[in-house]
Amino acid sequence: MSATRDLPEAFEQIVDDFTAASTRERLDLLLEFSDELPELPERFVDARDSMERVDECQSPVFLTVEVGDHPDRTVHLYVDAPLEAPTTRGFAGILHAGLDGLPADDVLAVPDDAPMRLGLAEAVSPLRLRGMVGMLGRIKRQVRAKSA
Amino acid sequence: MPVAPDPHPSLSQYAHPERLVTTQWLADNLDTPGLVVVESDEDVLLYDTGHIPGAVKIDWHLDLNDPVTRDYVDGDGFAALMRRAGISRDTTVVIYGDKNNWWAAYALWVFSLFGHPDVRLLNGGRAAWVAEARPMTREVPTPVESDYPVVMRDDSGLRAFKDDVLAHLGKPMIDVRSPGEYSGELLHMPDYPQEGALRGGHIPGAANVPWAKAAADDGRFRDRAELEEIYLDGAGLAPGDDVVAYCRIGERSSHTWFVLTHLLGFAHVRNYDGSWTEWGNAVRVPVVQGNAPGAV
């Protein structure tokens, strides 16, 4: 169980699953999220130029968010990451499962250090986790800009 | 007992052909006793998405680096890693990985610091194996623990520290980073922003030969004649030279170390693993900016 419960419910559940698992099982879980990352919708496939490159990731990763109309301003997240970069895909898969479909305010309320709560530092190394922190930061910035 | 080398004619051109194996040879020898296959990638999960049957994973962050000091594991740590992987001192180890064997070469260099006698690279790496549609599995082997001895790491011949590089100024040096990093326009490798330095440029006198020039389009090493054109004619190295190679943290330059040492037969090549993340942050060491090597 995580010490503070200030995450959206789905994200909190993911954190609980990860922290309850052994280091080895955390890698397996991450691989599941990598496998389950939704494919990029057709309308983005030829429009990667319109997506934001995540410089913190070592592989070419692009993401974009769409924010719906009032009152909820529902957030949808789209990420493109190569199959040869399963760790990065896993990070994206966790963020997608934890954030997609939430109201903008809930996404913006996610603490910037949320990726550090998954207990992945020892499984993938702290350096690699920076990619996920970078992804979350860019998602929140886009949500802020697009819901203003 | 070490396994006999791959006799494939494409390898005999190199100075030490016994340090490479072809994909076909590996496919034919997967069940040969005394051989262990190791995958070493940049991405820590790539192995888990599928790997050569029987291969074990060794990760550069988690297995080869000391978790506290900026150094490699010590003799105890390496022996424990080898025992877990089922590797004995006389095991033939074949390493392969992603990105032209970039991290595989790094792992091979670390094995060499411990003097592991027989360690080879799979020519073409993971990409060549996959391109030939050879078998892959997600099944993780459970090796029988070996009795690998605790061997002291010997940095003296293969590794250069900052003071060694200062003493080496004026002798041949290869900077294997991208041209932008070499000239000082970039403080990090393109696409890899996180390991920066406070100063940009290169060590005076170093020639710039980006590491991946040694690989052909299919990920295999270039022919010896092409490699000689790149490193002898192009970078001005002469057989017998005492050479230091460096990059950003010492991984890309271990690929070049492999090429110079095992493919071209240079006997005195050291990898400066402190590389630009040390030199570019160190106080009052000489730095040259621009495209020319510069005077010492």
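Convention: sequence-line order gives letters A, B, ...; per-chain numbering from 1.
Contact of B:Asp59 with chain A is made through the side chain alone, with heavy-atom distances under 4.5 Å.
Across all non-hydrogen atoms, the minimal contact from B:Leu62 to A:Glu122 is CD2-O, 3.4 Å.
Heavy-atom neighbours of A:Glu66 CD from other residues, nucleotides or ligands within 6.0 Å: above the threshold of 12. Dense packing is recorded around CZ of B:Arg83, with more than 12 heavy atoms of other residues, nucleotides or ligands lying under 6.0 Å away. More than 12 heavy atoms of other shown residues, nucleotides or ligands fall within 6.0 angstrom of atom CG in A:Asp113.
Listed by chain and residue number, B:Arg153, B:Arg159 satisfy the salt bridge (charged side-chain N to carboxylate O under 4.0 Å, His left out) test with B:Asp155 (two or more places apart in sequence, or in another chain). Legend: residues meeting ring pair (Phe, Tyr, Trp, His ring centres under 6.0 Å) with A:His96, ordered by chain and number and at least two apart, are absent.
Using a 4.5 Å cut-off between non-hydrogen atoms, the part of residues 28-41 of chain A that approaches chain B consists of A:Leu30, A:Leu31, A:Asp35. Heavy-atom neighbours of chain A within the stretch residues 43-54 of chain B, taken at a separation under 4.5 angstrom, comprise B:Asp43, B:Val44, B:Leu45, B:Leu46, B:Asp48, B:Thr49.
Counting heavy atoms from C-beta on, the side chains of B:Val130 and A:Glu84 never come closer than 4.5 Å.
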